Amino acid sequence: MSNIVIISGSSYSGSRLYGLIEAIQNQLKELGHQVSLIEVAELPAEDLIRANWNSIAVKDALHVVEDAEAVVIASPVYKASYSGVLKTFLDLIPQKGLERKVLLPLFIGGSLAHLLTIDYALKPVLSSLGATHILQGVYAVDQWVEKREDGGFTLSEDLLARTLMAGEQLHSVL
Ligand SMILES: Cc1cc2nc3c(=O)[nH]c(=O)nc-3n(C[C@H](O)[C@H](O)[C@H](O)COP(=O)(O)O)c2cc1C
């Protein structure tokens, strides 16, 4: 059993990104892992924007990352990159704070146009934080995640299969 943290860079909890997050979170829990979720948008905005390392909420979240063997980085694609919300938190992670951790990117965009965001925008940041083991990850498109009336999400068959495969891959290296 490993400690895994999912960092969500979504601005709001109703985002289809949570369809991906829920799928992988449930899977990893069923596989016996301890899974935590950090919703960056729920941390005090002023602490994030002013990079307040003395903030209790920020310290607590950073401890969760420190204790994790694996980090799932979940973000919507905004303006051809990961979200600014996510970056406010990544900026607070100490130098080499992702060393010896397995990283799994989980992204969703409005189209496939920005598929390479994970490679061109996210990976250099993760590398600068010491990550050397970055799994291929999942890139989803909005239309593959249906919002249900009960507030839940239904992933397309192919997306669900790819997401679960990514979870399996993460599990196999822990
Ligand atoms: C401010 C903003 C910028 C966006 N920029 C992009 C973009 O550059 N490329 C892209 O594929 N999708 C872009 N999108 C679409 C979102 O990635 C996508 O709608 C979101 O991940 C999932 O939708 P939901 O949060 O409404 O469920 C953008 C959305 C917003 C709100």
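On a predicted model such as this, the values are computed, not experimentally measured, just so you know. Atoms within a ligand are numbered from 1 in the order they appear, just like the ligands themselves. All residue numbers in this chain count up from 1 along the given sequence.
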N or O contact, [X] vs ligand 1, cut-off under 3.5 Å:
{"X": "Val77", "result": "yes"}
{"X": "Gly109", "result": "no"}
{"X": "Gly14", "result": "no"}
{"X": "Ser15", "result": "yes"}
{"X": "Lys147", "result": "no"}

Say you draw a straight line from [atom1] of [X] to [atom2] of [Y]; how long is it, rounded to the nearest 0.5 Å?
{"X": "Phe153", "Y": "Glu22", "atom1": "CZ", "atom2": "CD", "answer": "6.0 Å"}
{"X": "Leu90", "Y": "Ser75", "atom1": "CG", "atom2": "OG", "answer": "9.0 Å"}
{"X": "Asp47", "Y": "Phe89", "atom1": "CG", "atom2": "CZ", "answer": "12.0 Å"}
{"X": "Leu103", "Y": "Leu122", "atom1": "CG", "atom2": "CG", "answer": "7.5 Å"}
{"X": "Thr117", "Y": "Tyr78", "atom1": "OG1", "atom2": "OH", "answer": "13.0 Å"}
{"X": "Gln25", "Y": "Leu20", "atom1": "CD", "atom2": "CG", "answer": "12.0 Å"}

Closest protein heavy atom to atom 2 (C) of ligand 1, given as residue, atom name and distance to 0.1 Å: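 Sorting protein heavy atoms by distance from atom 2 (C) of ligand 1 puts Tyr78 CD2, 3.6 Å first.
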
Check your understanding: What is the closest protein heavy atom to atom 11 (O) of ligand 1, and at what distance does it sit?
Key ->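 Atom 11 (O) of ligand 1 sits closest to the protein heavy atom Gly110 N, 3.0 Å.
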
Heavy atom of Ser111 under 4.0 Å from ligand 1?
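It does, in that a heavy atom of Ser111 comes within the 4.0 Å cut-off of ligand 1.
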
Heavy atom of Tyr12, distance to ligand 1 below 4.0 Å
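A heavy atom of Tyr12 does come that close to ligand 1.
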
- Message: I'd like to check the side-chain hydrogen bond (donor to acceptor under 3.5 Å, both in side chains) partners of Arg162; sequence neighbours left out, ordered by chain and number.
- Response: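 Result, side-chain hydrogen bond (donor to acceptor under 3.5 Å, both in side chains) vs Arg162: Asp158.
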
For [X], the ligand 1 atoms whose distance to one of its heavy atoms is below 4.0 Å:
{"X": "Lys79", "result": "3 (C), 4 (C), 5 (N), 6 (C), 7 (C), 8 (O)"}
{"X": "Ala80", "result": "7 (C), 8 (O)"}
{"X": "Ile108", "result": "17 (O), 21 (O)"}
{"X": "His114", "result": "7 (C), 8 (O), 9 (N), 10 (C), 11 (O)"}
{"X": "Pro76", "result": "21 (O)"}

Residue among Leu104, Leu174, Leu170 satisfying side-chain contact (heavy atoms from CB on, under 4.5 Å) with Leu28
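Of the listed residues Leu104, Leu174, Leu170, the side-chain contact (heavy atoms from CB on, under 4.5 Å) partner of Leu28 is Leu170.
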
- Query: Should we say atom CZ of Arg148 is surrounded by more than 12 heavy atoms from elsewhere, each under 6.0 Å from it?
  - Reply: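 Count over threshold, so yes.
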
Practice prompt. Using distance alone, with no hydrogens and no angle criterion, decide if Tyr18 and Ser8 have a side-chain donor and acceptor under 3.5 Å apart.
Written response: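 Checked: Tyr18/Ser8 side chains pair up, N/O donor to acceptor below 3.5 Å.
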
**Asked** Which is closest to atom 22 (C) of ligand 1 in terms of heavy atoms, Val141, Leu20, Val145, Asp142?
**Response**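 Looking at heavy atoms only, the winner is Asp142.
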
